[in-house]
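Every heavy atom of this structure was used, including side-chain atoms; hydrogens, water molecules and symmetry mates were not.
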Amino acid sequence: MKYVFFGELYKDTIIEAGSYKEAYDIIVDEFYTDCVCAGSKAQTAGIEFVEISAWAEIWDEEEEQFFSYERHPMFICEENDYKKLPQSFLNLFK
C-alpha cells in the first residue's frame, strides 16, 4: 500500500508499507533519527490520517545544557485518501 508523508518540514514523500504502523516506523527511522516521536490518529473532512509530533534536544555551548524543542507536525495518509483531503487543509503546509 502507498502512504503519503506530508507537512511543512519535508516535501511530500510516497512510502510503500503494509500498514500505517509500518509506514510510521519507516518514516521515524529515516526522518527523525535525533527525535522522540509520537503518532496519533487524526481526522479532517471524514478522512483519517496519522499526525507525527516530534521533540529534539540541542546542545547550547554557551549555556552548557540541552534545550528541547518541538518540531512542526507531519502527517501520514493513505495515498487515495490524501487525494481527497481538502485543499484548504493542504494549503496550511505550503
Indicate, with yes or no, if [Y] and [X] share a hydrophobic cluster defined by side-chain heavy-atom contacts under 4.5 Å among Ile, Leu, Val, Met, Phe, Trp and Tyr.
X	Y	answer
I47	I76	no
V4	Y10	no
L90	L92	yes
I14	I26	no
V28	Y3	yes

TODO: Go through the structure and list residues passing ring-ring contact (aromatic ring centres under 6.0 Å, His included) with F75, not counting sequence neighbours.
DONE: F6, F49, F89, F93
Task: Residues which pass ring-ring contact (aromatic ring centres under 6.0 Å, His included) with Y69, listed by chain and number, not counting sequence neighbours - done: none
How long is the span from the [atom1] atom in [X] to the [atom2] atom in [Y], to the nearest 0.5 Å?
X	Y	atom1	atom2	result
E16	E79	CD	CD	8.5 Å
I15	F5	CD1	CZ	7.5 Å
T44	D81	OG1	CG	12.0 Å

Open item on the list: Listing request: all salt bridge (Lys or Arg N to Asp or Glu O under 4.0 Å) pairs with a residue in residues 57-69, at least two apart in sequence or in separate chains.
Closed with: none
Open item on the list: Show every salt bridge (Lys or Arg N to Asp or Glu O under 4.0 Å) that has at least one partner inside residues 18-33, sequence neighbours left out.
Closed with: K21-D25
TODO: Kindly give the cluster partners of W55, where membership spreads through any ILVMFWY side chain lying under 4.5 Å from a current member.
DONE: none
Quick one: list whatever passes side chain to side chain donor-acceptor pair (under 3.5 Å) with [X], sequence neighbours left out.
X	answer
Q87	N91
D12	Y82
Y20	none

- [ ] Identify the two heavy atoms, one from A17 and one from A23, that lie closest to each other, and give their separation to 0.1 Å.
- [x] CB-N, 3.5 Å
Open item on the list: Quick check: closest heavy atoms across M74 and L9, and the distance to 0.1 Å?
Closed with: SD-N, 3.4 Å
Would you list the atom pairs, donor with acceptor, under 3.5 Å between side chains in residues 32-43 and any protein atom, with sequence neighbours excluded?
none

Task: Short side-chain to backbone donor-acceptor contact, S53 and E51, under 3.5 Å - done: no
Task: Validation row: I27, I52 side chains within 4.5 angstrom (heavy atoms) - done: yes
